[in-house]
4 protein chains.
Amino acid sequence: MGTESEDVGAATKRVRILHAAREVCARRGYDGARMEEIASAARVSKGTLYNFFENKEDLFLNAVLESYERARRLLRAETRAPGGPAERLEGICAAMAKAIPIISEEMPVNFQIWGVMARDEKARQRMFEALRRIYAEQADEIQSILREGQQAGVFAAHFDPEAIVTAIHGIFDGQIYRSAFDPENANSTRLGAALEALLRHAVLPKRARLGESADG
Amino acid sequence: MGTESEDVGAATKRVRILHAAREVCARRGYDGARMEEIASAARVSKGTLYNFFENKEDLFLNAVLESYERARRLLRAETRAPGGPAERLEGICAAMAKAIPIISEEMPVNFQIWGVMARDEKARQRMFEALRRIYAEQADEIQSILREGQQAGVFAAHFDPEAIVTAIHGIFDGQIYRSAFDPENANSTRLGAALEALLRHAVLPKRARLGESADG
Amino acid sequence: MGTESEDVGAATKRVRILHAAREVCARRGYDGARMEEIASAARVSKGTLYNFFENKEDLFLNAVLESYERARRLLRAETRAPGGPAERLEGICAAMAKAIPIISEEMPVNFQIWGVMARDEKARQRMFEALRRIYAEQADEIQSILREGQQAGVFAAHFDPEAIVTAIHGIFDGQIYRSAFDPENANSTRLGAALEALLRHAVLPKRARLGESADG
Amino acid sequence: MGTESEDVGAATKRVRILHAAREVCARRGYDGARMEEIASAARVSKGTLYNFFENKEDLFLNAVLESYERARRLLRAETRAPGGPAERLEGICAAMAKAIPIISEEMPVNFQIWGVMARDEKARQRMFEALRRIYAEQADEIQSILREGQQAGVFAAHFDPEAIVTAIHGIFDGQIYRSAFDPENANSTRLGAALEALLRHAVLPKRARLGESADG
DNA sequence: AATGAATGAGTATTCATTCAT
DNA sequence: TATGAATGAATACTCATTCAT
């Protein structure tokens, strides 16, 4: 008895600290985020911070990794859905559109931590490796959908899947990057429009495109 | 007498300091970059730093702005070149491809400074405003080329210029963003391939597209 | 039932802690000796330390007192032996020679603790009082032997017992003091040679001295 | 102009800091001696402390070395005086007697620092090496006086110079050591009496000793 | 304008101690 | 009694900034 609630308590405490760290960092910046304030925001003592994390840097490294992990779950959610290539591709684009505002909101803090980790080669590697893994995972998924669609004849035959993946990812990353300094022009609508244009003109089959042109 | 050479000397000194600041920041990170070391790298004394810049933050704000200014010049170089819409669009894409490695190299330092400026709303606004201006400038340029091309009938009629601009910019931004953590997969070649696919399928006229399909 | 073994257990535990404290202090220095590590070296928990001692300072005060007590036992062992003044004096000198390496080994830790107790007048007094008691005890013993020997005519008549006691103690203390920084030149052999010279020339009767000179 | 007074100022500042460090350490103990308070006692800022010394440990290491250097000067003063062996030996003993109260007063602080340096092998070696040098220097001086005196026939022929040097040094060290915990019984008078007894009985020639016994 | 010695505000981190179990 | 997670007081040290020269 009590063990469960204790385990939950421990898990909760760790997550409480990570979120408190992000929250204070968002308000004050990395350097301005005093451990004291983070502890207080997480409703633990300063010493407890150091029972969970080696030091400030380690705390924020883990805060970033946890943010990535949430992003990964967000992006994979609809990728594994059933359906034909077109439906699944649309699912991925929809997931991206849904993820953009959430990820964008976390980027200012993440960018800060990227900067701080610049000094620690090892931490930086670990942080970026996690990020690359998410991208590679998703790129593979998209590319196999594109190939599958081409073979099944539901996608146009003449595009280069790798270039299209780069374009899709680029459009997505671009919105995230831009949201940091130009939130007005970085949003789900713009992302959706750009992706739709890319898919309509480059990926969808000629019939669709002819239909289009017939409309014009 | 001597004023000219002194002005040149002053200009040179200012730039020397800005570059020294970037260089030390790249090696040590923002916090690790001591004014002492920057001064020494710029071959001036610590006190001289404060004759050119208000304080450390101001120094780095200016270092970022100078980096942006160089990027702006890089990107505009071929935009203003003469020629038809197709040539000018290709010129812009070529300029982007050429700019990517230079800008990418400067991003780690810029990201650091973004983080630092988080605390100073005013500095951040000034920094981001400069960045937005570059983007707006270029977006306008591209969009007018696209419209001009559509009206002249040298581009396909049915794409949405705004969506295409977003896509082009997105692909470009995406490479810059990604280069920070995944340099292997962010380079001019990838950028070129993605842009080419976008333009070929969405922007170039049907003839070209039909030609394509004739090739297949 | 079990009380005895528990008492023994408690006694053992207390001594284990005191020795662990000395051992860790020898390795890490007083400040570097964490209660955690002492507890671990004594195979008890941190909390248990506080069941035996008020606090860190109290623990180390007791560690020093225990060291003194052992030194006292070592030095008194042969003092109370039977025999004439000469034999008993020799016994004392032999005990000193035997004690030197043991005491010397403990001095580095003791010196550390002296320093720490500087802040706590009361603790320092208690610690130094114990040390003075050992010295006074032994000084009395030696002086009474010297007087007894003079009255019995087995020692030379013209030395000042108090000065000789000071000299004997000084030579002993000097070796202990010096062993802290110059172990090469502080050892039983040197102590023995110096004490022998003192006794031969100053304490033993003329006959011996004449015999000596006859040898020369 | 001004350079001299500046040099003096710099020298003075360093010495002011060293003395302030000793003074605060004597009052509060090593750990209790806050850098802030030392700076304030030396009438400089905290930062200036670190312009002169690497860190707290280095500051106190230098404080001890400077104390040794003063002791060395004190002890050598009369050693180099002219005169026969007997006069010079008396001069050394007189210097010791004069040095005792000064050195004794500094020992509590020095002992503390010995303890602190226990953790830093290198600092400890440097500190103890300086101390050993003083002792070796003086031991050589005394021994050569003793040998010279024996050869000249002004000292007794039958003592072992090395043992006598050990005894003299021992008596001296013993007083210093003892002064730390038993100042009542460690003073110049006691030192003088013990040294006199040693010299009278062991070093001075038989004539003197016979004269003595004639007095008795 | 240039210098660099002096300043002192500001904070991460440690670890002795407590106390609920 | 024993445990060890949680606490928070306490402080060495750095380095941006100033200003007398």
Side-chain angles (χ1 to χ4, degrees), chain A residues 1-3 6 9-10 13 31-40 42-59, chain B residues 6 9-10 13 28 30-40 42-60, chain C residues 6 9-10 13 28 30-40 42-60, chain D residues 1-3 6 9-10 13 31-40 42-59:
Chain A
M1 101 221 129
T3 34
E6 271 165 36
K13 201 174 283 184
D31 284 320
R34 280 177 299 115
M35 296 300 268
E36 182 79 49
E37 190 173 0
I38 294 170
S40 149
R43 300 192 313 279
V44 297
S45 79
K46 221 178 337 168
T48 300
L49 258 41
Y50 291 88
N51 287 339
F52 282 86
F53 304 98
E54 297 257 339
N55 49 37
K56 189 177 183 177
E57 210 174 283
D58 184 50
L59 165 58
Chain B
E6 270 166 39
K13 206 175 277 184
R28 310 247 189 237
Y30 178 87
D31 283 323
R34 280 175 296 116
M35 296 298 268
E36 181 81 48
E37 190 173 0
I38 293 170
S40 151
R43 300 193 313 279
V44 297
S45 81
K46 225 179 339 168
T48 300
L49 259 39
Y50 290 86
N51 288 335
F52 284 86
F53 305 98
E54 296 258 338
N55 51 36
K56 187 178 182 178
E57 212 173 281
D58 183 50
L59 166 58
F60 276 95
Chain C
E6 270 165 39
K13 205 175 277 185
R28 309 250 191 236
Y30 178 87
D31 283 322
R34 280 176 296 117
M35 296 299 268
E36 182 81 48
E37 190 173 0
I38 294 169
S40 151
R43 301 193 311 280
V44 297
S45 82
K46 225 178 341 169
T48 300
L49 258 41
Y50 290 85
N51 288 336
F52 284 88
F53 304 98
E54 295 260 336
N55 50 36
K56 188 178 182 178
E57 211 173 284
D58 183 50
L59 166 57
F60 276 94
Chain D
M1 95 207 148
T3 34
E6 271 165 39
K13 203 174 280 184
D31 284 319
R34 281 177 298 116
M35 295 300 270
E36 183 81 48
E37 190 174 0
I38 293 169
S40 150
R43 300 193 312 280
V44 296
S45 79
K46 216 179 344 165
T48 300
L49 256 41
Y50 289 89
N51 287 339
F52 283 87
F53 305 98
E54 296 257 338
N55 50 36
K56 189 177 182 178
E57 209 173 285
D58 184 49
L59 166 58

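Reminder, nothing fancy here: chain letters follow the sequence lines and each chain counts from 1. What you see is a predicted model; the values in this text were computed from it and never measured.
- Heavy-atom minimum distance, A:Ala39 versus A:Ser45: CB-C, 3.8 Å.
- Atom-to-atom, CD of D:Glu57 to P of F:dA12 comes out at 13 Å; the value is rounded to the nearest Å.
- Atom NZ of B:Lys56 is separated from atom P of F:dT14 by 15 Å (rounded to the nearest Å).
- Across all their heavy atoms, B:Met35 and B:Asn55 have their closest contact at CE-C, 4.5 Å.
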Would you give a per-nucleotide map of nucleotides 4-9 of chain F, 5' to 3', where B means the base has a protein non-hydrogen atom under 4.0 Å away, S means only the sugar-phosphate does, and - means neither? BBBBBB

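- When all heavy atoms are compared, the tightest approach of C:Arg28 to C:Glu37 is NE-OE1, 2.9 Å.
- With rounding to whole Å, A:Leu49 atom CG is found 14 Å from E:dT14 atom C1'.
- Looking only at side-chain heavy atoms (C-beta outward), A:Leu49 and A:Phe53 stay at 4.5 Å or farther from each other.
- For the pair C:Met35 CE and E:dT18 P, the computed distance is 10 Å after rounding to whole Å.
- Taking 4.5 Å as the limit, every side-chain heavy atom of A:Val44 sits out of range of all side-chain heavy atoms of A:Asn51.
- Across the strands present, F:dA20 finds its partner in E:dT3; the criterion is a Watson-Crick or G-U wobble pair with both atom distances under 3.5 angstrom.
- The interatomic distance linking C:Glu36 (CD) with E:dT13 (P) rounds to 20 Å, in whole Å.
- Across all their heavy atoms, D:Lys56 and D:Ala33 have their closest contact at NZ-O, 3.0 Å.
- Nucleotide F:dA12 holds its P atom 8 Å from the CD1 atom of D:Ile38, rounded to whole Å.
- If you check every strand for non-hydrogen atoms under 4.0 Å, B:Ala33 touches sugar and phosphate atoms only.
- Atom CD of D:Glu37 and atom P of E:dG8 are 17 Å apart (whole Å).
- If you measure from atom OH of A:Tyr50 to atom C1' of E:dT11, you get 9 Å, rounded to the nearest angstrom.
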